[in-house]
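Reminder, nothing fancy here: chain letters follow the sequence lines and each chain counts from 1.
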Protein chains: 2
Amino acid sequence: MDRVPDEPAKQTRRDQILAAAAELFARHGFHGVGIDDIGAAVGISGPALYRHFRSKDAMLGEMLTSISERLLEGGQSRVAASNDPEHALRELIRWHVDFALDDPALITVQIRNLANLTDPDRRRVRALQRRYVEVWVETIRKTSPEVEEPTARAAAHAVFGLINSTPHSAHLDRDQMATLLSQMALASLAGALP
Amino acid sequence: MDRVPDEPAKQTRRDQILAAAAELFARHGFHGVGIDDIGAAVGISGPALYRHFRSKDAMLGEMLTSISERLLEGGQSRVAASNDPEHALRELIRWHVDFALDDPALITVQIRNLANLTDPDRRRVRALQRRYVEVWVETIRKTSPEVEEPTARAAAHAVFGLINSTPHSAHLDRDQMATLLSQMALASLAGALP
DNA sequence: CCGTGCGGTTAACGGCCGTTTACGTGCACT
DNA sequence: AGTGCACGTAAACGGCCGTTAACCGCACGG
């Protein structure tokens with residue numbers, strides 16, 4: 001069978017494990033999932049995971065830092081590609097909505113399992129999250145310059161909460177959900193900030 | 001010292017334990033808190049808790065059912081006391097905002113630790129939550145009758161997410177936060193639903 | 001006084017679960 | 001062909017932690 005040489009199967013196994021673990025962590029919580037459960041989810045069993053990860057904590061750490069990095073980088077690039085702040089804000093909203101709808105498990109894990117991280121991992125993740133929030137805060141303040149920074153920050157967190165609610169509902173199909181959440185997010189900012 | 005006879009100290013101990021446990025569960029997660037930690041938080045140590053609760057699971061169960069009951073009952077009574085749907089919706093928002101601001105730990109625990117409940121407890125809590133959501137859905141659909149029920153339900157979940165974001169920010173003082181969240185919640189509904 | 005029971009203590013048990021160890025197997029590369 | 005590494009397995013270890021046991025003091029109604 002034809003193989004693509006520049007995309008080794010090596011990466012695939014790690015990612016497969018991370019994806020399965022994310023799903024399980026989201027559903028049962030970090031401590032509610034055993035190493036054997038994760039192994040079983042990818043067809044290998046138990047301690048075989050230690051060929052790919054140093055520890056269970058390392059799996060969570062890698063998972064959360066990669067989410068945070070993807071969120072931050074995506075947000076930054078959308079803002080950079082926009083001319084006016086209003087457009088940038090719409091793009092940020094769309095970006096976050098798409099992310100939450102496409103990877104609900106990752107969103108859930110990131111929200112619920114920060115406390116289970118190792119101290120250095122938690123510091124790293126929090127730093128990335130802070131920078132992501134700052135991207136939002138700056139954009140919000142450019143669209144409404146008279147709003148104070150703490151208010152903008154609180155508003156940003158509120159919008160995150162709104163968009164991240166997606167894993168708990170999911171009654172609509174993807175596109176309807178995307179436009180609903182985007183509209184609500186935009187309206188909550190436009191309607192509540194002076 | 002003068003004691004009030006109709007408010008026995010007996011209830012106080014249980015409630016004191018539940019409050020301390022809620023704080024700890026919110027910060028470290030259910031499994032991240034030991035029975036000894038909870039005891040230490042109220043000045044007694046370890047297994048003494050079993051004089052007041054059947055098990056650690058029972059503590060979480062009682063905590064979550066009582067939150068859900070309070071939320072539901074408060075929501076129902078606000079709606080019942082309102083004449084027009086617009087007023088009812090504003091009251092619902094205010095009620096939920098006040099609850100989230102006054103008991104951030106309880107909100108956090110309810111969101112994060114549903115998975116740690118015993119099966120019968122989880123059924124009970126979910127049933128209460130469903131009824132609470134229905135109160136919101138009905139009110140939303142009375143204010144905008146042309147919106148479909150699944151859309152209203154998704155919008156309600158989104159607003160919960162928005163308001164429940166409070167424990168993660170808290171940069172503003174209570175009153176500013178309350179008006180900000182209320183305005184954002186109202187705007188997200190008014191601005192996004194036809 | 002005196003038992004009774006409530007609320008507390010410390011010590012021990014027992015299971016779950018992350019991690020380590022020792023061991024196999026097959027593909028890749030001289 | 002043979003060497004070695006990548007990847008798996010099964011079994012044993014070890015600690016943490018919820019729960020139980022055994023024991024104790026003190027308030028309080030007869």
Side-chain angles (χ1 to χ4, degrees), chain A residues 1-22 24-25 27-64 109 113 115-121, chain B residues 1-3 5 7-22 24-25 27-64 109 113 115-121:
Chain A
M1 59 197 76
D2 40 17
R3 280 199 259 109
V4 188
D6 55 63
E7 194 68 7
K10 198 175 171 185
Q11 281 289 26
T12 303
R13 231 334 147 55
R14 280 180 71 89
D15 294 352
Q16 184 190 5
I17 293 171
L18 282 179
L24 290 171
F25 290 167
R27 191 151 32 235
H28 304 106
F30 181 69
H31 291 291
V33 176
I35 225 68
D36 291 341
D37 301 323
I38 304 172
V42 297
I44 67 184
S45 231
L49 298 170
Y50 286 80
R51 300 289 168 195
H52 304 276
F53 295 94
R54 207 168 57 267
S55 67
K56 192 187 173 194
D57 294 305
M59 292 178 41
L60 184 64
E62 188 160 325
M63 197 184 318
L64 290 197
V109 173
N113 294 350
N116 299 310
L117 281 177
T118 253
D119 279 335
D121 278 341
Chain B
M1 58 197 78
D2 40 17
R3 279 199 259 108
E7 194 69 7
K10 198 175 172 186
Q11 278 291 24
T12 304
R13 231 335 149 51
R14 279 180 71 91
D15 295 351
Q16 184 190 4
I17 293 172
L18 282 179
L24 290 171
F25 289 166
R27 190 150 34 232
H28 305 104
F30 181 69
H31 291 290
V33 176
I35 225 66
D36 292 341
D37 301 324
I38 303 172
V42 298
I44 69 185
S45 231
L49 297 171
Y50 287 78
R51 301 290 169 194
H52 304 277
F53 295 93
R54 207 169 55 266
S55 68
K56 194 189 173 194
D57 294 303
M59 292 177 42
L60 184 64
E62 189 160 323
M63 197 182 321
L64 290 197
V109 173
N113 294 346
N116 299 310
L117 281 177
T118 252
D119 279 334
D121 278 342

Between B/S55 and B/R51, just flag the one whose closest nucleotide in DNA chain D comes earlier from the 5' side.
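Counting from the 5' end, the first nearest nucleotide belongs to B/S55.
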Under 4.0 angstrom, heavy atoms only, what part of the nucleic acid is A/V42 near: base, sugar-phosphate, or nothing?
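It contacts nothing in the nucleic acid.
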What's the spacing between [X] [atom1] and [Y] [atom2] if we round to 0.5 Å?
X: A/I38; Y: A/M59; atom1: CD1; atom2: CE; answer: 4.0 Å
X: A/I17; Y: A/I44; atom1: CD1; atom2: CD1; answer: 5.0 Å
X: A/K56; Y: A/F30; atom1: NZ; atom2: CZ; answer: 4.5 Å
X: B/D57; Y: B/T118; atom1: CG; atom2: OG1; answer: 5.0 Å
X: A/D121; Y: A/M63; atom1: CG; atom2: CE; answer: 11.5 Å

Distance test, side-chain N/O of B/H52 to OP1/OP2 of C/dG8, below 4.0 Å:
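True: B/H52 side-chain N/O within range (under 4.0 Å) of C/dG8 OP1/OP2.
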Whole-Å distance separating the [atom1] atom of [X] from the [atom2] atom of [N]:
X: A/N116; N: C/dG18; atom1: CG; atom2: C1'; value: 14 Å
X: B/Y50; N: C/dT9; atom1: OH; atom2: C1'; value: 16 Å
X: A/D37; N: C/dC17; atom1: CG; atom2: P; value: 8 Å
X: B/K56; N: D/dT19; atom1: NZ; atom2: C1'; value: 12 Å
X: B/F53; N: D/dT19; atom1: CZ; atom2: C1'; value: 16 Å
X: B/I35; N: C/dT9; atom1: CD1; atom2: C1'; value: 16 Å
X: B/D57; N: D/dG18; atom1: CG; atom2: P; value: 10 Å
X: B/R13; N: C/dC6; atom1: CZ; atom2: C1'; value: 12 Å

Nearest to the side chain of B/I44, which nucleotide is it out of C/dT19, D/dT9, C/dG8?
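The answer is C/dG8.
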Minimum-distance nucleotide to B/P47 side chain [options: C/dA11, D/dG18, D/dA10]
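Nearest listed nucleotide: C/dA11.
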Which residue lies toward the 5' end of DNA chain C, A/G32 or A/R54, if each is placed at its nearest nucleotide?
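Of the two residues, A/G32 wins.
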